[in-house]
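Take a look at the structure set out below.
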Protein chains: 2
Amino acid sequence: MTVKLVVLYTQPSDPEAFDRHYFGTHMPLVSGIPGLLRTETGRIGVAVDGGEQTYYRVTELYFADQDALQAAFASSEGQTTAADYQEIAPPGSRMFVASVDD
Amino acid sequence: MTVKLVVLYTQPSDPEAFDRHYFGTHMPLVSGIPGLLRTETGRIGVAVDGGEQTYYRVTELYFADQDALQAAFASSEGQTTAADYQEIAPPGSRMFVASVDD
C-alpha cells in the first residue's frame, strides 16, 4: 500500500529566506532520497474553514510502502534530509505518515 | 495552475461511525462535484514529529484552477457536500486551498 509522508510547514518569519532554503537546498536533498516515488508540493493560499492561516506549505513524499519509507529515512540521504528539515521547519510544523487509499 | 482542497480531519470520537459516513455518504457526494479532477484520500497512521496524533484522515480534491474550485463549491453538488462536511468533520478539522507546484 502506497504511503506518503505529509509535511505541513507553518508560516515562516521570513518567507523569502524559507523559499530560498526550500527550493535551493531542501527539495534537492529530498529528491536524492532512495525509494522516493514522487513528490508533490504546494503553497497554501487560503484557510477555507475561516480558521487561522496556520500553514504555509504542504509537501508530500510518496513511497511504495511503509518498509520503503523506513529504509529511505534510515539511509544517509534520508538522515541528511531529516537534519535539514530541522533547520528549515518553523515551530509547530507537522509531519505524519498516511496510508493512501486505493 | 492546479489547485487542491486539502482537508485534515481530526480524530473522531467514534472512528467506525466516521468511516461509515465518510465512505458511505461523504465521498460519494464529493465524487459528484462538477470539475473535480481527482481525489486522494489517506488514513493517517503516525505523527513522525513526535507531536500529538491530531489528525485522523487527509483528503485532497484536485481542480484545474482556482476558478474551477470556486465554481465547484458554488454548485448545488458542492453546497450539499459542504453541508455534509459540517456533519462529519470533528472539531478542529482543517480545510485549506493549496496551489500545486509544477
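In what follows, chains are A, B, ... by sequence order, proteins preceding strands, each numbered from 1. Note that the structure is a prediction, hence the values are computed from the model and not measured.
Connection of B:Phe73 to B:Val100 is not established within any shared hydrophobic cluster, with ILVMFWY side chains joined at heavy-atom distances below 4.5 Å, either directly or through further cluster members. Residues A:Tyr9 and A:Val97 share a hydrophobic cluster, clusters being chains of Ile/Leu/Val/Met/Phe/Trp/Tyr side chains in contact below 4.5 Å. Taken together through direct or relayed side-chain contacts under 4.5 Å among Ile, Leu, Val, Met, Phe, Trp and Tyr, A:Met27 and A:Leu5 form part of one hydrophobic cluster. Under the 4.5 Å side-chain heavy-atom criterion for Ile, Leu, Val, Met, Phe, Trp and Tyr, A:Val48 and B:Val7 are members of the same hydrophobic cluster. Cluster membership check: A:Leu37 does not share its hydrophobic cluster with A:Ile33, using side-chain heavy-atom separations under 4.5 Å among Ile, Leu, Val, Met, Phe, Trp and Tyr.
Put simply, CZ on B:Arg94 and CZ on A:Arg94 are 12.5 Å apart, with the number rounded to the nearest 0.5 Å. Note that the CG atom of A:Asp101 and the OG1 atom of B:Thr39 stand 11.0 Å from one another [nearest 0.5 Å].
Residues B:Val6 and A:Leu8 form no side-chain contact, since every pair of their non-hydrogen atoms from C-beta on lies 4.5 Å or further apart.
Using a 4.5 Å cut-off between heavy atoms, A:Gln86 does not touch chain B at all. Residue contact with chain A, scored on non-hydrogen atoms closer than 4.5 Å, involves the backbone of B:Ser93 exclusively. Of the two parts of A:Tyr85, neither the backbone nor the side chain holds a non-hydrogen atom closer than 4.5 Å to a non-hydrogen atom of chain B. When heavy atoms are compared at a cutoff of 4.5 Å, A:Tyr56 does not approach chain B at all. In this structure, chain B has a heavy atom under 4.5 Å from the side chain of A:Val58, while its backbone stays farther away.
The two residues A:Asp49 and B:Met95 have their closest heavy-atom pair at OD2-N, 3.0 Å. Contact between B:Ile44 and A:Phe96 at its shortest, heavy atoms only, is CD1-CE1, 3.4 Å.
The most heavy-atom pairs under 4.5 Å with chain B, out of A:Lys4, A:Glu40, A:Met1, A:Gln53, come from A:Glu40.
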